[in-house]
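Since we're looking at a predicted model, the values are computed, not measured. Each chain gets a letter, A, B and so on, in the order its sequence line appears, and its residues count up from 1.
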Amino acid sequence: GCGNSEPAEDTSKESTETSSDEKQELGEIILSTTTSTQDSGLLDYLLPVFEEKTGATVKTVAVGTGAALEMGQNGEADVLLVHAKADEEKFVADGYGTERHDVMYNDFVLVGPKEDALKLKETSGSDIQSALKNISNSGSTFVSRGDDSGTHKKELKLWEETGISPQGEWYVSAGAGMADVLKIASEKQAYTITDRATYLSLKDTLDLDVLVEGDKNLFNQYGVIPVNPEREDNAEINEAGAKAFMDWILSEEAQKLIGEYGVEEFGEPLFVPNAK
Amino acid sequence: MDYILMGIKEAIALLTSFDREVYSVVGRSLLVSGMATVLSSLYSIPIGLYLGIRELKGRRHISRLIYTGMSVPSVIVGLIVAIVLARRGPLGDLKLMYTVNAMIIAQTVLLTPLQVGLSYSLARNSGKRIKNTGTTLGGGNFDIVKLIISELRPQLMINVITAFSRAISEVGAVMIVGGNIKGYTRVITTSITMFNSMGEYPMAIALGIVLLVLSFGVNSVVYSYNTEE
Amino acid sequence: MDYILMGIKEAIALLTSFDREVYSVVGRSLLVSGMATVLSSLYSIPIGLYLGIRELKGRRHISRLIYTGMSVPSVIVGLIVAIVLARRGPLGDLKLMYTVNAMIIAQTVLLTPLQVGLSYSLARNSGKRIKNTGTTLGGGNFDIVKLIISELRPQLMINVITAFSRAISEVGAVMIVGGNIKGYTRVITTSITMFNSMGEYPMAIALGIVLLVLSFGVNSVVYSYNTEE
Amino acid sequence: MDVYIENLKKQFNKRILFELRDMEFKSGRINVLMGRNGIGKSTLFNIIAGLDEDYEGSIAYDGEALSKEKMQDITLVSQKPYILNRSVYENLAYPLRLRKYSKREIEEKVEFYIEKLQLKELRDQNGRSLSGGEMQRVSLGRALIFSPKLLLLDEYTASIDERSLGFMEEIVLEYKETGANIIMITHSKEQAERLGDSLVYMKEGL
Amino acid sequence: MDVYIENLKKQFNKRILFELRDMEFKSGRINVLMGRNGIGKSTLFNIIAGLDEDYEGSIAYDGEALSKEKMQDITLVSQKPYILNRSVYENLAYPLRLRKYSKREIEEKVEFYIEKLQLKELRDQNGRSLSGGEMQRVSLGRALIFSPKLLLLDEYTASIDERSLGFMEEIVLEYKETGANIIMITHSKEQAERLGDSLVYMKEGL
Ligand SMILES: Nc1ncnc2c1ncn2[C@@H]1O[C@H](COP(=O)(O)OP(=O)(O)OP(=O)(O)O)[C@@H](O)[C@H]1O
Ligand SMILES: Nc1ncnc2c1ncn2[C@@H]1O[C@H](COP(=O)(O)OP(=O)(O)OP(=O)(O)O)[C@@H](O)[C@H]1O
Ligand SMILES: [Mg+2]
Ligand SMILES: [Mg+2]
């Protein structure tokens with residue numbers, strides 16, 4: 001409880017008008033995002049810079065894309081950073097979010113057994129559709145996320161574009177996170193589609209190689225969406241904080257940081273900034 | 001709150017749908033956790049009781065160590081079993097990873113310290129008179145372990161129920177070594193976790209209710225062998 | 001197998017580094033699980049004992065229901081507590097979601113059926129003589145609950161240790177209501193889960209070892225109040 | 001507190017243990033209850049003390065049914081006494097603490113019985129580690145200390161040494177003078193003769 | 001099995017309970033052990049039976065130290081017997097089953113003692129629900145059935161009714177004829193006189 005009759009508190013409120021204390025205005029921002037951004041270490045790298053600059057504290061809750069969007073709908077998060085473009089646009093259109101902007105992308109790759117029995121590297125090159133056809137025709141095991149995540153949705157879309165409805169013994173639906181699915185694929189010497197960041201961070205523990213990459217269909221766009229504070233029951237939303245976070249992550253400074261992340265460790269950036 | 005109501009409705013729908021998929025997930029949960037409970041009971045209870053009746057030196061330290069074992073997080077158990085069973089691991093040739101057998105192994109390992117700890121405590125706290133009786137009638141340590149099992153069956157049953165409840169409700173170990181693969185290694189708790197991360201809360205709650213119904217059934221069966229009353 | 005060795009090395013490094021981040025995660029684990037254990041003990045033990053000494057009608061069914069409660073998966077507990085504490089939930093105004101307090105609440109709820117079940121079983125199996133003694137000396141039900149607590153303290157301590165071990169090793173509930181937020185709600189088990197999914201197995205194992213060391217410390221303290229010997 | 005038993009029938013599962021037409025135990029007396037092993041004496045005591053409600057028939061306590069208030073004035077010195085896991089002193093104090101006696105009263109009464117039952121050396125010893133005879137003393141003291149109106153003694157001197165038997169009997173004889181109803185089970189005819197004012201024999205088919 | 005005790009000292013924490021210079025119990029006799037409550041009789045029995053190893057001094061069994069084999073021939077009828085949670089029949093059979101007796105032998109011996117201890121009606125009853133006196137009978141039978149060479153009887157008739165006392169004593173007198181060593185604790189001088197061949201009094205500072 002807070003005794004709002006106490007004069008001391010009133011003065012403290014007034015003193016926040018000064019610019020040096022402006023920082024504290026932003027307070028706590030709840031950022032709901034996918035496990036891939038957290039597990040890749042990107043957020044641990046970015047957020048301290050933002051917090052230092054603005055004095056806000058960002059509480060990151062990393063969940064599946066489905067749960068992240070659900071949190072946004074319920075007003076449990078102030079701002080979202082997710083990667084399922086179609087759903088995101090619907091989310092904004094339905095009035096759950098105020099706006100949506102591209103932040104960055106990473107790319108998906110098709111990984112599989114090192115010996116590459118299907119010779120996908122040679123025959124498919126960077127053509128994901130031909131690779132998928134080849135896998136399904138040969139009945140080679142393919143592990144799907146099967147968890148309704150952004151990655152899963154992307155994979156399903158690729159199958160759809162290829163004109164195959166994947167089902168049968170060869171198509172394993174794991175219902176697990178990216179890291180688990182990569183491990184399963186490695187154990188079973190199967191194929192799967194993964195974001196490059198997760199693959200790179202687990203590479204040493206896996207018996208898998210990248211077989212197909214570079215198809216523009218494999219790009220994975222991340223977007224930022226502030227949750228709509230005007231919706232019923234959304235009074236708690238930290239509107240200013242969400243806006244500040246969005247503005248910052250789209251800013252030149254943040255975009256530059258994103259572009260540099262991972263170069264040192266993996267020799268290439270994990271995410272490509274593309275805010276407009 | 002709507003989620004909870006929707007969850008209850010969904011649970012009824014699931015249970016009455018006789019959907020093969022649902023039943024196979026439930027059956028697998030029962031198989032994995034039931035087998036793990038039985039297997040771990042077979043050796044952990046005798047070991048725990050044996051340690052409990054022995055007047056070992058440094059008993060206080062041993063007690064603490066044993067009870068500490070009960071805190072091993074299931075994710076760690078999963079991880080270590082996975083390291084051993086993985087293709088590159090020492091038992092990789094058995095190709096057990098991502099199978100129901102791997103899940104049973106992981107849960108058996110997970111339950112071991114719990115079962116040893118609870119049996120140990122039972123022997124220490126209630127086994128003294130039984131031990132003395134057995135000893136004066138000519139029983140050795142092994143006979144006394146058997147005697148305690150038959151004398152304290154109701155209490156041991158509760159320990160077994162406690163172990164089963166930890167197994168059936170845990171997700172860390174089975175997720176790592178099983179992988180929640182549809183049709184093969186998916187169990188109730190891994191499904192719940194999956195639906196939770198998908199934001200499908202009513203479905204998650206529904207499965208939670210299904211799990212409790214299952215658990216009630218198992219407890220009823222176990223309980224009917226319990227001579228408590 | 002290398003992971004395990006690396007994990008052990010890493011664990012030693014962590015424990016001796018005196019890294020503030022590591023210590024705050026460990027401290028938070030202890031706070032959350034310790035508080036939840038204490039809070040749930042305060043009411044669950046008396047309730048369990050009370051139910052155990054009463055000669056209730058339909059006792060067999062009550063027993064089964066109580067033991068069934070021990071199987072509630074932690075993810076479900078997390079989910080339901082989250083629904084209640086969410087901004088739009090009935091207790092949304094308290095702004096508890098994603099705080100340490102929410103984690104304590106969730107684990108307190110999680111431990112309740114376990115603590116009730118174990119105390120209930122204790123009263124049923126070992127409380128009869130104490131109840132009769134208390135009754136003939138003029139005690140009412142409430143006095144008898146107090147009497148059982150003082151007479152069976154060693155056994156109750158083991159129940160409390162069992163509850164603590166479930167709390168400190170579980171991840172489902174604290175993950176959902178806490179969110180594993182760095183510097184705020186990150187605890188050992190949520191870190192382990194995170195490192196596991198990041199593929200940093202040695203670090204996950206190292207934290208598992210840290211957790212066991214912590215648990216050993218707590219058990220030692222609890223155990224020194226245990227009058228068993 | 002007079003006890004009047006009417007048509008009391010006790011059975012385990014289907015087997016009838018006893019059926020008592022009527023039986024009376026009057027206050028101000030030592031009523032001795034005898035009978036062969038397994039005839040049901042201890043079982044009857046449990047029923048009278050309100051510990052076992054699984055019976056048919058009726059028992060009147062001063063003409064009334066058993067109530068919570070009445071239970072406060074009834075106690076049982078069991079054949080296998082359970083001594084609490086605390087000091088002998090605290091064992092004796094326990095029934096007084098339940099009844100919210102003042103600190104001074106508790107101290108006075110407990111010291112009185114410690115003296116009387118020759119428990120001085122055991123004062124601070126834990127009750128669970130006592131010898132058989134010591135337990136019987138503590139159990140008797142713990143029962144008398146709150147002045148019950150109905151005292152059920154189940155073979156309360158079975159393990160008492162010869163030297164102490166005298167004062168153990170003396171104490172009960174003294175206590176009779178308070179007008180309480182004392183019912184005592186014993187297997188010793190001599191003891192029954194020394195202490196008893198009335199004698200009831202439980203027999204098969206009574 | 002002769003028992004010879006030398007410089008046996010038992011203490012709890014710092015308190016010395018007893019120090020026995022030397023004490024001898026010869027086979028083929030009933031050796032009575034008496035002493036006031038709490039003097040340490042039952043504690044001594046526990047030590048002799050090998051249940052309590054926390055003492056100083058030495059005990060020789062037929063001149064030798066206690067071994068696993070010797071333990072097979074020693075038994076204790078406890079002051080507070082623990083009867084197993086199984087039928088009376090199975091309680092009696094238990095020590096024989098431990099010793100891998102044949103089915104026929106077990107049946108013969110058990111039936112013999114059921115008859116002798118007048119337990120016929122209790123044959124299939126659960127041991128935990130017996131009355132005090134019934135437990136003492138079962139406890140005695142369970143001890144004699146495997147013909148121990150050293151039999152420790154701790155107040156084994158404390159709760160036995162007058163009618164049965166006779167045969168309970170008779171059985172032990174008969175058993176003496178096997179040449180076994182019987183040591184018996186009792187508080188009854190009469191019983192000591194009736195049965196005892198020798199008498200040891202435990203006293204403070206002995
Ligand atoms: N649960 C039970 N089921 C069957 N029989 C029982 C049960 N409980 C007690 N009995 C029997 O009831 C009878 C009466 O027991 P009780 O303890 O009242 O005898 P008692 O007269 O006090 O004997 P004692 O002189 O040996 O103390 C005994 O034969 C006992 O075996
Ligand atoms: N753990 C203990 N700590 C302290 N004293 C103890 C402990 N255990 C037993 N004693 C004491 O040792 C003494 C001997 O007990 P024991 O049972 O051997 O007596 P006893 O001679 O058999 O008496 P009784 O005739 O009453 O059966 C008792 O005074 C008892 O209080
Ligand atoms: Mg009796
Ligand atoms: Mg004794």
Side-chain angles (χ1 to χ4, degrees), chain A residues 1 27-45 47-48 51 57-63 67-68 70-78 176-183 186 197-206 227 229 231-238, chain C residues 1-4 6-7 20-21 25 28 75 78-79 81-103 106 171-187 190-205:
Chain A
E28 262 178 29
I29 304 162
I30 295 184
L31 166 67
S32 184
T33 184
T34 62
T35 39
S36 52
T37 50
Q38 183 172 62
D39 291 353
S40 64
L42 176 68
L43 289 175
D44 280 352
Y45 161 81
L47 292 178
E51 289 178 337
T57 47
V58 181
K59 293 184 153 186
T60 310
V61 181
V63 291
E70 192 78 11
M71 278 178 72
Q73 269 190 33
N74 292 337
E76 291 304 325
D78 302 315
M178 196 68 253
D180 288 320
V181 166
L182 281 169
K183 282 180 245 173
S186 173
T198 309
Y199 169 73
L200 286 177
S201 64
L202 290 172
K203 197 174 165 202
D204 295 342
T205 71
L206 303 169
V227 172
R231 277 183 60 81
E232 203 191 342
D233 287 336
N234 271 7
E236 300 292 335
I237 295 288
N238 183 350
Chain C
M1 299 307 277
D2 291 349
Y3 291 134
I4 298 175
M6 283 160 72
R20 263 195 61 215
E21 173 73 12
V25 166
R28 209 171 288 126
V75 178
L79 206 52
V81 171
I83 290 170
V84 172
L85 296 185
R87 280 178 177 170
R88 290 196 195 162
L91 299 183
D93 291 344
L94 300 177
K95 300 204 174 164
L96 286 170
M97 201 55 191
Y98 304 120
T99 64
V100 164
N101 287 336
M103 297 161 84
V171 63
V174 286
M175 188 62 133
I176 293 179
V177 303
N180 185 33
I181 298 170
K182 193 175 174 185
Y184 292 91
T185 58
R186 186 161 295 176
V187 291
T190 58
S191 304
I192 290 175
T193 305
M194 188 182 74
F195 283 120
N196 177 54
S197 77
M198 287 165 73
E200 301 203 9
Y201 307 129
M203 192 64 185
I205 291 173

Listed by residue number, which members of residues 177-187 of chain C have a heavy atom under 4.5 Å from any heavy atom of chain A?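 Listed by number: G179(C), N180(C), I181(C), K182(C), Y184(C), R186(C).
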Going by salt bridge (Lys or Arg N to Asp or Glu O under 4.0 Å), name the pairs with one or both residues in residues 91-100 of chain C, residues two or more places apart or in two chains.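 Checked against salt bridge (Lys or Arg N to Asp or Glu O under 4.0 Å) - neighbours excluded - the pairs reaching residues 91-100 of chain C are E236(A)-K95(C).
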Proximal component of [X], with respect to chain C [non-hydrogen, under 4.5 Å]:
X	value
A77(A)	backbone
T205(A)	both
M178(A)	neither

Using a 3.5 Å cut-off and no angle test, enumerate the donor-acceptor pairs between side-chain atoms of residues 27-35 of chain A and protein atoms at least two apart in sequence or in another chain.
{"residue": "T33(A)", "atom": "OG1", "partner": "T37(A)", "partner atom": "OG1", "Å": "2.8"}
{"residue": "T33(A)", "atom": "OG1", "partner": "L81(A)", "partner atom": "O", "Å": "2.7"}
{"residue": "T34(A)", "atom": "OG1", "partner": "S36(A)", "partner atom": "OG", "Å": "2.9"}

Heavy atoms only, distances under 4.5 angstrom: which of E76(A), K183(A), Q38(A) has the most pairs with chain C? Name it, please. E76(A)
Minimum heavy-atom distance A179(A)-S197(C), with the two atoms named: CB-O, 2.8 Å
Looking at residues at least two apart in the chain, or sitting in another chain, which of them share a ring pair (Phe, Tyr, Trp, His ring centres under 6.0 Å) with F195(C)? none
